[in-house]
Amino acid sequence: MGLFNGANVRLSDIHVMSKGEFRLEVVRRCQNDARLMNLFGCPEPSGGVRLFAFMGFDEDAVIRAVSTVISSDDPAYESITKDLFQAHLFEREIAEQWAIVPEAHPWLKPVRYHANYRGVPDIWEGISGRDIPGSYPFYAMAGEEVHEMGVGPVHAGIIEPGHFRFQSSGEEVMHLEIQLGYQHRGIERMMNGGDLVRSAYLSEAVAGDTAIGHSIAFSEVVESLAGCAAPPRAQAIRAIALEIERLANHVGDLGALSADAGFMPGSAYSGRMRGDYLNLLLAITGSRFGKGLSRPGGVLFDIDNEMALDLCRKLTVYKKEFEDVSELIFTRTSVLARFEDVGAISLKSAKKFGLVGPASRACQLERDIRIDHASGMWQFYHIPISLGATGDVYSRALVRRQEVMRSLEFLLKVLPSLPHGGIFVRLPAMRADMLALSLVEGWRGEIMHVGITDDKGAFARYKIKDPSFNNWFGLAWAMRNQEISDFPLCNKSFNLSYAGHDL
Amino acid sequence: MNGILPVFAHLAIVMALSPFFFGVTARVKAVFAGRVGPPLVQPYFDIVKLFRKKCVYSRTTTWVFRASPVVVLAAVMAFSLTVPFGEIRAPLGFPGDILLAAYLLALARFFMIAAAMDTGSSMEGLGASREAFFSCFSELALFMNFIALASCSGNISLSRMIGEEMPLSGGTLTPALILVVSSFFILLLAENCRIPVDDPDTHLELTMIHEVMVLDHSGIDLAYLLVAQTAKLFVFSAIVVQMIVPGAAGDRAVGIGIYLAGMMFVSILIGVVESCMARLRLDRVKYLLLISFGLAFFGFIVSLWRK
């Protein structure tokens, strides 16, 4: 079934294959020109679990969906990961959520430590009751010279909990294993049922720094299921808010990278500029993180002419400031010496792991939802893709720098000529037995929401994929054979979300 | 009695003044970052605060861990006795005391490392290993500096090498002096865990050297280490100032004024260096220390040629 970003489809129209066919189809397609966007299970009324796979054909802006049914009598199938690495975390998630065994999965470990949703024995005995990471089967190396180091889940500084286990020899990291799950709140299941007002708030809490990105994705899913689009002006305001969110986070990241390299002026100036962008969101929505802006049917806050002009004025100043500060950071040889050749990922590896967002573009992988699967405002304005060449920390920083400039140019172009009309429409009820998907290029990369309704038109299954879900493995890989003291830099250059991964 | 009084006076000067110059450096960094920064006397507040707190000890630690703050402070303070402060002569000085000075620093370092290893923390072990590795290079540079200074002054007592008798400033040995001062300034940054070698302001335990070794110390112990840290920076700065302005201003008040101005200058310079550059990658630090060694070595060569 060929779909596009924002499409909806009757559940019965999605091809149901046999387990073998399904596996073959996914592996074959994704080894060629597609990539695995999502793979998840949805409970069947019959008691089994229906697996959906979404494969993105970025060249054609098409998303192919296929499915298979795993019966409750035989909750197992042959692992896809064996032949397609991108599926690795998706399959672990399925194994944990539905107690379905992907046979011969090479790295079958729990993801978030909760009991499965089917109410049958978990495939890891008693994972939900155990302390983490106490009993986690970390990959360990043997030998006199191996220095094993655990960092977290409680960290210095204001970051989320996650455990990092380093196997190093002297200063060189041989292997890093990242173990998450501490932030699991069960958001996906809370989205089920019919309370859309509550769900909108939940979508903003998936990852606090991506409140706008996730709430737009959620709104678009509901709009699609209701068979109705948000007015053009609302779509423009959403795009504006999304770009301001990107600006705030990218500028903040450049500052954090400077701080970790020990370059204090870059960190101090960027930190202040990040505040400026957050204050723009405050002016528009009353929340520094843009919460409460996007809702199914449109947006709740308008940008009037006066405010648009004011934003333009401010952004012109901020643009100049950013040019100066980024010049300061990127011309400092001592800073570049820290960024270059650190944590490099090859284009081939990036493709293999299925990286998304700036982390993928830094490896010269052309992936940007705003371009590949444009929807809403992006159908009318094209942002040039920002690519890096080397895949290292420098490249990831450079991509951010370019994207900040391009977002600023976009905003200065769009703000003075917002489409006219309303900003909100009342939506009809969501249709029954449908599936809708939405892709949004958040500042971290591809956000994907998939909503499936039951026979009454309420969510039976809501799947959220934050870009962090794709990219955490990239960070672990980037640390191979690197100096352990470069870990903070590598980590910041990805700046992934723990909450977005743990849901 | 006559011998004891100058010793206490010397220690009092170190204790009283060193946190102030620590605060100056912090203030300069704040100004560069566009912030107001902490008050100049903040390090005093920090030390007083820590002295009022109790120590917490991990059950895995032994007497080594408890002894280390005292030994470190004592060693650094004893080291300060061999260095003159402008018009004030060094209370401790005899031919060959450069060895005493160097080994007092080594003793302090040894106990820092031993205490860090004593905690059994993988993180502190990492910091200790870095400290031990870099000290191989920095001690080399320190001795080369002493050799060059000895050659310049014809003395092997630290207080005389950089004291009044030093015929350096304005003399024919100026080129050698420039090399040695540059070398010693790099050494100052490295020995006192400043950028570009270490970052005193970081919270990232994986990148730390000095900071990670004091992670388990608390309360009064930490206060001792903080005093030792400020004192060490003060004494190193004093050596730099002494090399440039070896005193002999004639008038005592002018001499003290010049000396204090020199200390201010060095403290500000440290702040400027820290603000203008990022940290080096850890695997490059050894090259910086070798540069320090090289500069001192060429200073030594030049001093020979001048004679």
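No hydrogens, no waters, no symmetry mates; every other heavy atom, side chains included, goes into these values. Just so it is clear: chains get the letters A, B, ... in the order the sequence lines come, proteins before strands, and each one is counted from 1.
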Close side-chain approach of A:M264 and B:E274, heavy atoms under 4.5 Å: no
Nearest-0.5 Å distance that lies between atom CZ in B:R281 and atom CG in A:D341: 7.0 Å
Non-hydrogen atoms of B:F32 and A:P265 that approach each other most closely: O-CB, 4.4 Å
Partner residues of A:K109 under the salt bridge (charged side-chain N to carboxylate O under 4.0 Å, His left out) criterion, sequence neighbours left out: A:E177
Other residues, nucleotides, ligands: >12 heavy atoms within 6.0 Å of A:Y139 OH: no
B:Y44 atom OH, over 12 foreign heavy atoms within 6.0 Å: yes
Any B:S122 side-chain heavy atom under 4.5 Å of A:E148 side chain: no
Straight-line distance of B:T207 OG1 to A:D260 CG, nearest 0.5 Å: 7.5 Å
Which atom of B:A278 lies closest to which atom of A:A261, heavy atoms considered: CB-O, 3.2 Å
Neighbour count above 12 (heavy atom, 6.0 Å) for B:F65 CZ: yes
Nearest-0.5 Å distance, CG of residue B:D283 to CD of residue A:Q482: 10.0 Å
Crowding at CE, B:M117 (>12 non-hydrogen neighbours, <6.0 Å): no
Heavy-atom check, side chain of B:L126 versus side chain of A:E171, under 4.5 Å: yes
Crowding at CZ, A:F330 (>12 non-hydrogen neighbours, <6.0 Å): yes
CZ (A:F166) with more than 12 external heavy atoms under 6.0 Å: yes
Partner chain B: residue of A:G262, A:G170, A:A337 with the largest heavy-atom pair count (under 4.5 Å): A:G262
NE2 on A:H155 to CD on B:E205, rounded to 0.5 Å: 8.0 Å
Interface residue of largest heavy-atom contact number with chain A, from B:G34, B:G125, B:S275, B:S121, under 4.5 Å: B:S275
Rounded distance [0.5 Å steps], CG in B:L204 versus OG in A:S485: 10.5 Å
Max heavy-atom pair count under 4.5 Å with chain B, selected residue of A:L336, A:D486, A:V335: A:D486
Under 4.5 Å from any heavy atom of chain A - which part of B:M208: neither
Distance in Å, A:S267 OG paired with B:D201 CG, rounded so as to fall on 0.5 Å steps: 10.0 Å
B:F298 atom CZ, over 12 foreign heavy atoms within 6.0 Å: no
Chain A contact via B:T202 - side chain, backbone, both or neither, heavy atoms under 4.5 Å: neither
Main-chain N/O of B:C276 paired to A:R332 side chain as donor or acceptor, under 3.5 Å: yes
Choice from B:K29, B:R35, B:R130 maximising heavy atom contacts with chain A below 4.5 Å: B:R130
